[in-house]
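The next block holds one structure in the form of structure tokens; read it before the comments.
Residue numbers start from 1 in every chain, and the chains themselves are labelled A, B, ... in the order their sequence lines are given, proteins ahead of strands.
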There are 2 protein chains.
Amino acid sequence: MKAQALHGHLDALLLAVLEQGELHGYAIIEALRARSGGTLDLPTGTIYPALRRLERAGYVASSWSTVNGRERRTYRLTEAGGRALAGERAGWREFSATVGRFLGTDQPPAAPA
Amino acid sequence: MKAQALHGHLDALLLAVLEQGELHGYAIIEALRARSGGTLDLPTGTIYPALRRLERAGYVASSWSTVNGRERRTYRLTEAGGRALAGERAGWREFSATVGRFLGTDQPPAAPA
DNA sequence: GCGGACAAGTAGCGTTGCTACGTATGAAGG
DNA sequence: CCTTCATACGTAGCAACGCTACTTGTCCGC
């Protein structure tokens, strides 16, 4: 997938991942990769700054913990983050519907389990 | 709709509009606005540079004409542009499917005529 | 004459993600 | 013991892209 196609939607993805439970940065990267079937393989230099942006915005909160001598910063969605996610979802729906009208999205044949 | 959400997909939209026939810049803006139901109201400062980008890339070709004393630069899709559009379509499909998996797109109920 | 629709364009800005780099621990392999 | 790899975090600088604001010019209606 083209790299910068994410532009403007990364925050929504991160919030969506955190919606299902708190995770630390590295795990978020793996979650994105796993849930996307390998399509979304985002570098750390993309994720970590994005998480800090979200924290600054109040959409996520973080706390440190040490696991096996490794420092982890675990992020969780805040209430504001939940509201933001809802907005992002609505925004995404409108956006994809609009662009889809031109690019002919229609039915993705994928029938997930 | 949030402004910069288009990031990376504008070219595809322009090519898609031109696919249905050649148009001049101003008409492209109106076509986008009309076909999107007013959602896509892009300023000239967005469209004109984008068209020139596409022309430089060889995806569209242009020719001048004068209508009612008004200079028009009419753009049409080239063969390379058609191929590019096909690629963009595939890219969009993958992108929207991937992001949709996280944001929950599902089936847009729109069943166009 | 003046404002508004039509028609094209440029300059500069801000956002955003990416590349490249740096640091540190623990486990596995030679 | 030393190297390599996976885990885990982070920053600095860059490039792409669309937007805002502005400019120029014609034609039409008031």
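Between B:F95 and B:H9, the ring planes are tilted. Angles from 30° to 60° get that label.
Neither side chain, A:T74 nor A:E22, offers a donor N or O lying under 3.5 Å from an acceptor on the other.
One can place CG of A:L6 at 17 Å from P of D:dA16, the figure rounded to the nearest angstrom. The distance from atom CZ of A:R33 to atom P of D:dT7 is 8 Å, rounded to the nearest whole Å. Atom CD1 of A:I47 is separated from atom C1' of C:dT16 by 13 Å (rounded to the nearest Å). For A:L51 and C:dT16, the CG to C1' distance is 14 Å, given to the nearest whole Å. Straight-line distance from the CG atom of B:L54 to the C1' atom of C:dA8: 16 Å, rounded to whole Å. The separation between A:H7 atom NE2 and D:dA15 atom P is 14 Å, rounded to whole Å. For the pair B:L42 CG and D:dC17 P, the interatomic distance rounds to 16 Å; values are reported in whole Å. To the nearest angstrom, C1' of D:dC19 lies 16 Å from CG of B:L32.
Among the atoms of the strands shown, base atoms are found under 4.0 Å from some heavy atom of A:G45. Within 4.0 Å (heavy atoms only), A:R70 reaches at least one base atom of the nucleic acid.
Looking at which nucleotide of DNA chain C each of A:L10 and A:T44 is closest to, the 5′-most match is held by A:L10. Nearer the 5' end of DNA chain C, as judged by each residue's closest nucleotide, is the contact made by A:H9, out of A:H9 and A:N68.
Using a cut-off of 4.0 Å between Lys/Arg side-chain N and Asp/Glu carboxylate O, A:R73 and A:E55 are scored as salt-bridged.
OP1 or OP2 of C:dA7 has at least one side-chain nitrogen or oxygen of B:R72 nearer than 4.0 Å. Checking the phosphate oxygens (OP1, OP2) of C:dA8, no side-chain nitrogen or oxygen of B:R52 falls inside 4.0 Å. For the pair B:R73 and C:dG9, the criterion of a side-chain N or O lying under 4.0 Å from OP1 or OP2 is met.
In the region residues 17-31 of chain B, proximity to DNA chain C at under 4.0 angstrom, judged on heavy atoms, holds for B:H24, B:G25, B:Y26, B:E30.
Proximity note for B:Y48 (side chain, C-beta onward) versus D:dC17, D:dT11, C:dT10: the nearest is C:dT10. Of the listed nucleotides (C:dC18, C:dG17, C:dT10), C:dG17 has the atom at the smallest distance from the side chain of A:D11.
Taking the six-membered ring where the residue is Trp, the centroids of B:Y75 and B:W64 are separated by 6.0 Å or more.
At least one donor-acceptor pair under 3.5 Å links the side chain of A:R101 to the backbone N or O of B:R35.
Among A:L40, A:L15, A:L14, the single residue meeting the side chain to side chain contact (heavy atoms under 4.5 Å, CB included) criterion with B:F102 is A:L40.
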Salt bridge (Lys or Arg N to Asp or Glu O under 4.0 Å) for A:R89 and A:E19? Distances and angles first, verdict last.
CA-CA 12 Å; A:R89 275 216 165 88; A:E19 191 186 26; 3.1 Å; yes
